[in-house]
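What you see below is based on every heavy atom in this structure, not just the backbone, and it leaves out hydrogens, waters and symmetry mates. Both counts, for ligands and for their atoms, begin at 1 and track the order of listing.
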Amino acid sequence: MAEEPDTDEGTELEARLAEGETYEPPASFVEQANVSDPEIYEEFEENWPACWERAADMLSWNQAYDTVLEDDDAPFYRWFTGGELNASYNCLDRHVEDGAKNRAAIKWEGELGETRTYTYSDLLYEVEAFAASLRELGVEEDDVVTLYLPMIPELPIAMLACARIGAPHSVVFAGFSADALATRMNAADSEYLVTCDGYYRRGDPLNHKEKADKGLRGVDHDVETVVVDRLGDELNHFLGASAHDYEELVSEHEGESVEPVSRDAEDMLFLMYTSGTTGQPKGVKHTTGGYLSYAAWTSHAVLDVKPEDTYWCAADIGWITGHSYIVYGPLALGTTTVMYEGTPDYPEKDRLWDLVEKNDVDIFYTAPTAIRAFMKWGKQYPDQHDLSSLRLLGTVGEPINPRAWQWYYDHIGDGECPIVDTWWQTETGGMMITTLPGVGEMKPGSAGPPLPGIDARIVDASGDQVEAGNAGYLTVNNPWPGMLRTLYRNDERFLSEYWQEYSDEEADEWVYFPEDGAKIDEDGYITILGRVDDVINVSGHRLGTMEIESAIVGVEGVAEAAVVGGDHEIKGEAVYAYVILEDDADATDSMRDRIIEGVEDAIGPIARPEEVIVTPELPKTRSGKIMRRLLEDIASGNELGNTSTLRNPEVVEDIAAQVGND
Ligand code: 6R9
């Protein structure tokens with residue numbers, strides 16, 4: 001039973017939050033924090049860009065770098081040039097050599113209750129065996145290997161195996177559809193795929209191989225496929241003609257040692273496709289030296305990760321958060337990283353708290369959408385467990401509302417754990433705006449100041465900084481090691497997507513534009529307001545409205561579609577699809593089902609429309625532009641402003657009447 005909100009407590013809380021109550025980090029935390037000296041901000045500023053040596057120094061290099069930053073070809077910046085290193089060596093071998101071979105590297109928790117623990121030496125052993133297997137299949141340095149795997153240990157193993165032999169990986173989120181897999185494999189010319197037979201969701205086996213096979217039919221070149229057996233006999237572990245069995249391959253290479261390939265700092269470590277304004281996803285390219293340094297540095301400074309910690313980021317490795325803060329950051333620091341396969345409410349709504357208690361988790365990092373769900377389920381679930389092992393909490397992916405922040409602070413952290421609200425993006429590689437937990441006071445709802453060394457500003461449309469108290473556009477006015485280097489094979493789009501808006505090319509001044517709106521206060525704290533492009537954020541996942549629209553107009557009988565985000569209590573935003581049908585098509589339930597199916601097939605269930613609203617017309621301005629703001633207001637149940645400037649104001653009422661929250 002969900003708990004009844006206590007209205008007295010609720011009202012008092014709202015009042016306190018409205019006053020902008022702030023919180024100091026507890027002294028007990030500050031005493032032990034990796035970073036606790038506020039001077040760090042000035043040190044970075046005065047010594048920029050050399051300050052970034054601190055990040056690079058967290059790694060072991062085979063060949064020391066000559067230069068911290070080269071900017072002669074800006075905005076194609078190069079970091080730690082001349083340096084050579086290997087990411088898998090940094091995440092594995094060096095810890096084994098340093099006497100940590102028996103420390104747990106990955107603690108995996110399966111949805112059905114099974115567990116697997118890999119010590120650093122176990123993980124190295126597996127990674128080497130799989131690296132040798134990939135080589136046997138023909139994978140060479142710089143070949144892109146696609147990993148279409150759910151949250152099972154073979155995913156980080158495969159990532160590190162790729163890194164070991166210098167083959168960039170491209171992880172495709174397992175919840176993405178067959179079409180999404182094919183698009184990404186084609187875009188990267190990826191000739192290798194690692195996938196699995198299936199996995200569990202709420203106790204039921206899901207057939208993943210079928211989806212992978214369907215995706216492969218859409219790939220325009222030959223592919224060698226490796227299939228991990230996750231389900232045993234549950235599903236027929238069917239191997240197509242060119243598919244290899246993971247276990248079989250690995251067993252042939254067990255015990256082999258595979259030298260980590262020395263990679264140039266600027267060599268690609270991985271590609272990650274993310275949604276943008278157009279229908280085509282963007283292939284964000286991250287490098288070995290800069291990315292890994294940045295993931296390690298932010299894990300150290302912001303997440304306060306120490307080797308002896310048990311750290312848990314409850315994201316999916318299929319997203320950037322999982323890359324940087326389940327795999328690369330924590331393993332580079334030699335800590336124990338927890339990986340959970342399943343959903344937070346299976347078998348019960350206390351599953352995560354049960355896992356925190358069982359594993360004595362020190363640091364927990366999740367998304368606001370999850371916190372809002374926990375809040376709705378009620379505090380009795382965390383209350384059933386001893387969560388006193390926790391020292392630090394974090395959130396990422398979307399703005400956190402002050403009430404959810406407060407709930408997290410009180411009921412998960414027991415008022416004793418600082419919260420870091422971390423703003424960053426697939427493109428930034430790691431955290432950019434957040435408090436340092438051992439330094440800054442926290443303001444619920446505001447991410448905090450930019451990290452040391454990061455020059456983030458809030459500007460107006462002409463690029464001038466806004467006064468404190470005002471809103472504007474977020475920009476980043478200097479480069480940082482974890483930044484994307486380009487969009488894969490598309491330098492032009494890299495320039496136009498991120499550097500066109502506020503840069504002054506003539507003056508060689510380059511300003512990165514993340515396409516978020518934000519507000520800044522007198523202490524320099526930044527509150528992120530959300531995307532200003534046609535990207536919506538559903539449960540912390542980025543979705544391009546154009547991608548969804550093109551899936552919908554691909555459905556037979558649909559003439560036109562406009563997709564917007566509407567407010568949603570748990571998901572933050574939900575997908576609302578406004579659809580015009582062709583003359584001979586009817587607005588039946590089966591038509592709506594086909595539209596939903598079309599979206600699921602093209603992208604995946606995460607993009608599933610909350611509502612499909614069939615309308616004879618879309619509200620348009622006199623110049624013929626769809627009034628998206630208005631559609632958003634309708635979806636969110638907001639007061640509708642003046643509609644008289646529309647060419648067709650009469651459609652508005654008709655549409656509003658159809659939407660559930662009218
Ligand atoms: C890491 C990640 C990036 C977009 C970003 C912004 C939103 C992320 C946030 C946040 C408010 C935070 N976002 N963190 N908004 N507060 N702490 O989520 O990457 O999937 O690329 O999404 O997410 O809108 O632009 P990605």
List in chain and number order the residues that pass side chain to side chain contact (heavy atoms under 4.5 Å, CB included) with [X], two or more places apart in sequence or in another chain; answer none if no residue qualifies.
X: Arg201; answer: Glu111, Tyr199, Leu206, Thr343
X: Thr336; answer: Arg103, Ala104, Lys107, Thr310
X: Pro75; answer: Tyr77, Phe494, Leu495, Trp499, Trp510

Between Ser636 and Tyr576, a side-chain donor and acceptor under 3.5 Å: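 Checked: Ser636/Tyr576 side chains show no N/O donor-acceptor pair below 3.5 Å.
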Test item: side-chain donor near acceptor, Tyr525 and Glu441, under 3.5 Å: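 Checked: Tyr525/Glu441 side chains show no N/O donor-acceptor pair below 3.5 Å.
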Cation-pi, Tyr340 ring and Arg351 (6.0 angstrom, 45 degrees):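 No - Arg351 does not lie over the ring of Tyr340 by the 6.0 Å and 45° rule.
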Under 4.0 Å from ligand 1, counting heavy atoms only: the protein residues, by chain and number: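 Lining ligand 1: Ile320, Thr321, Val396, Gly397, Glu398, Pro399, Asp421, Thr422, Trp423, Trp424, Gln425, Thr426, Asp516, Ile528, Arg531, Asn537, Arg542.
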